[in-house]
Engineer: 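Pasting a structure below so you can have a look.
Per chain, numbering begins at 1; letters A, B, ... match sequence-line order. Values reported hereafter were calculated over all heavy atoms of this structure, with side chains retained and with hydrogens, waters and symmetry mates removed.
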There are 2 protein chains.
Amino acid sequence: MDESSVVRARDVARKAGVSTSAVSRAFTAGASIAPETRRRIIEVAEEIGYKPDLIARSLTSGRSNIVGIGVGNLDNPFFADSLNRLSSAFATAGLRVLLFPATAQGASEAQVHEVLQYRLDALILLSTNLSSSLANQCRNAQIPVIMYNRTTADPGRVSSVTGNNHGGARAIAAHLVAAGHRRPCFMAGHDDASTSTMREEGFGGYFRDRGLPPPMRETGHFTREGAAAATRRLLTLPEPPDAIFCANDHMALATIDVARAEFGLDVGRDISVVGFDDVPMASWPSFALTSYAQPVDEMVAETLAIALALGEGATGPVHKVIEGRLVLRGSTRRLPPASKPPHEG
Amino acid sequence: MDESSVVRARDVARKAGVSTSAVSRAFTAGASIAPETRRRIIEVAEEIGYKPDLIARSLTSGRSNIVGIGVGNLDNPFFADSLNRLSSAFATAGLRVLLFPATAQGASEAQVHEVLQYRLDALILLSTNLSSSLANQCRNAQIPVIMYNRTTADPGRVSSVTGNNHGGARAIAAHLVAAGHRRPCFMAGHDDASTSTMREEGFGGYFRDRGLPPPMRETGHFTREGAAAATRRLLTLPEPPDAIFCANDHMALATIDVARAEFGLDVGRDISVVGFDDVPMASWPSFALTSYAQPVDEMVAETLAIALALGEGATGPVHKVIEGRLVLRGSTRRLPPASKPPHEG
DNA sequence: CTGAAAGCGCTTACAG
DNA sequence: CTGAAAGCGCTTACAG
């Protein structure tokens, strides 16, 4: 079992009585080699423990079989879940994942430039922005870029896979209006993120279309602390909201905690809270968070499909919107309150 | 800004009037090159957008500047958090992280063998087991292996960074006994994991040392579903436990949910629940989980330090145990109940 | 189907 | 301090 040093193609070739070219072909799908020759080479390779050196292979083939994933903050369980499944999906397709953690203040150019030093087959950006200069360079280097759960101002250059932000937010608005809420509020993430702006636009649009007054607005910065602070500001207002739609579940969970623990509210009766994503925690009984479900499996499968297609030299960028669905749970009521409106006594 | 194709060392050399050797030296810390020469080369490189190809560099230098991280299930927020910080820490040290997701039924040999095909500077295993055959091969290939949050049966071959499993579990036992619990239970993960067995040993040892009856035992398989099922079994017993120590927070959170939502128990009064890790969620008001805190920052820093040291060709494997501390929260009571013991009426 | 040769883009002794 | 040459371990036209 113990080999005293690493085995090379040369060793296999020698032992099998063939050239290193043949060894290479034996390990290359679809290469022109006699089946019997391949069988024998593979046999010898297994016997002496040979595997092609992937670094060398990358250098000659120009492909690395590595995709980069630029990640921001994995605190958000939606990202953790997505990364988990993305890496499994890519592994199954024979691709490895190289992580590019964004630095504190967003993906610093210099840092992310490293992307180009590896010969990535693709670069996936998990809810992370891409400077247009880096987008350019990726294009020059023939590295397809796919934004996951975010779109870009530059749709002609990079692909994207997102949920139905607009439709989901409208469905949420409809749900809150049907339940008789009078003072709804949108809690934004930040304005650079399409996940925040498109959800806000869809939400606000529903009210606008019906001539209803526009919802209130706060900003939670997509962080737990930010959302908690925003909730405190809202709930100490003279006329606080009776429903809060947070741009994602990560913030909504913080909102529930603060409303319940610090203001003694019964979430789902005294106030409604809605999120977006339907992370696993949303269904935990401690939260029972109403949320618009983004199907991570589908988003991941689509991301993989695009990466593979672009690898084959497919056409231009593609933009895929995955349908989700509104999941109603205990954090929102379904009907208007029986008698007088809330917050009036 | 747009370069039409990728720039090579040769291009820089030509433009700067030097050899490619000089270019290489300019980008190699500590290489023997005149400061003025280096300055000029770097200047030209920046001008035309040159960065060394890391794949080629790996091939010649034998080092990849990539560390592999074998990950199991990122559902457990402790792992998500750890991975997040590990990748940032390594990035800061100029190392990239390549993800090796374990397949469903543990790290299948064939899959993980790929580790060896890259020239990893180190392999970190996040609560994941390593077969001794792979451990051998890593050693032959000179790839240091560091187990994070787990130890191994093979301490002479691989390094490890863990929390104080034994001490932490004893502190938890002491806490529960001091609060007057009579029917404590340990919820195991699975018996291949030192994080489960060592915590069980520490916990049980406290009772044994004092001549107290041994705690009850259930198995939650380190998953949310497994822990929920275990909790249901326990709470439908004729004589259910009055305190449950779960081998990690991930299971403890599920235990709280089930006890509260399905059995109507007031956690912290009717029953005590304790975890291990102190994940961020443990401090959320919805859970207020008493837990033994494992300092992720320290564990990550230590892992990095070991990886770096072993990269410099340090001596044998090192085993580091990081001290934590018991964090008391509302999920456990601190004093014995005033009158008669619980669950007696 | 197969092998000899060139080459991927670097780094590293070796001379100077 | 510097450059020419060899080499890292593969793959890929090119002949045969």
Engineer: To the nearest 0.5 Å, what is the distance between CG on Leu86(B) and CG on Leu99(A)?
Structural biologist: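 Rounded to the nearest 0.5 Å, the CG-CG separation comes to 10.5 Å.
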
Engineer: What pairs meet the ring-ring contact (aromatic ring centres under 6.0 Å, His included) rule with one or both residues in residues 39-69 of chain B, with sequence neighbours excluded?
Structural biologist: Phe27(B)-Tyr50(B)

Engineer: Is Glu43(A) paired with Arg40(A) through a side-chain N to carboxylate O contact shorter than 4.0 Å?
Structural biologist: no

Engineer: Hey, could you give me the OG/CG distance between Ser88(A) and Leu74(B), rounded to the nearest 0.5 Å?
Structural biologist: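 The distance works out to 8.5 Å.
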
Engineer: Would you write the dot-bracket representation of DNA chain D, where each base gets (, ), [, ], | or . depending on whether it forms a Watson-Crick or G-U pair under 3.5 Å and with which partner?
Structural biologist: |||.||||||||.|||

Engineer: I need a per-nucleotide contact map over nucleotides 8-16 of chain D, read 5' to 3'. Cutoff is protein heavy atoms under 4.0 Å; write B for the base, S for backbone only, - otherwise.
Structural biologist: BBBBBB---

Engineer: If you measure only the distance, is there a donor-acceptor pair under 3.5 Å linking the side chains of Ser82(A) and Tyr148(A)?
Structural biologist: yes

Engineer: In this structure, are over 12 heavy atoms from other groups packed under 6.0 Å from Arg10(A) atom CZ?
Structural biologist: no

Engineer: Go through the side-chain N and O atoms of Ser194(A) and Thr151(A) and say whether any donor and acceptor fall under 3.5 Å apart.
Structural biologist: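 Note: Ser194(A) and Thr151(A) side chains meet the donor-acceptor criterion.
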
Engineer: Using 4.0 Å as the upper bound for N to carboxylate O, is an ion pair formed by Arg14(B) and Asp11(B)?
Structural biologist: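 Salt bridge: yes.
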
Engineer: For Arg119(B), what residues pass the salt bridge (Lys or Arg N to Asp or Glu O under 4.0 Å) criterion, not counting sequence neighbours?
Structural biologist: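 So Arg119(B) forms a salt bridge (Lys or Arg N to Asp or Glu O under 4.0 Å) with Asp53(A).
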
Engineer: Can you give the donor-acceptor pairs under 3.5 Å from side chains of residues 15-24 of chain B to other protein atoms, not counting sequence neighbours?
Structural biologist:
residue	atom	partner	partner atom	Å
Lys15(B)	NZ	Glu47(B)	OE2	3.1
Ser19(B)	OG	Ser21(B)	N	3.3
Ser19(B)	OG	Ala22(B)	N	3.2

Engineer: Between residues 35-44 of chain B and DNA chain D, which residues have a heavy-atom gap below 4.0 Å?
Structural biologist: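 Thr37(B), in order of number.
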
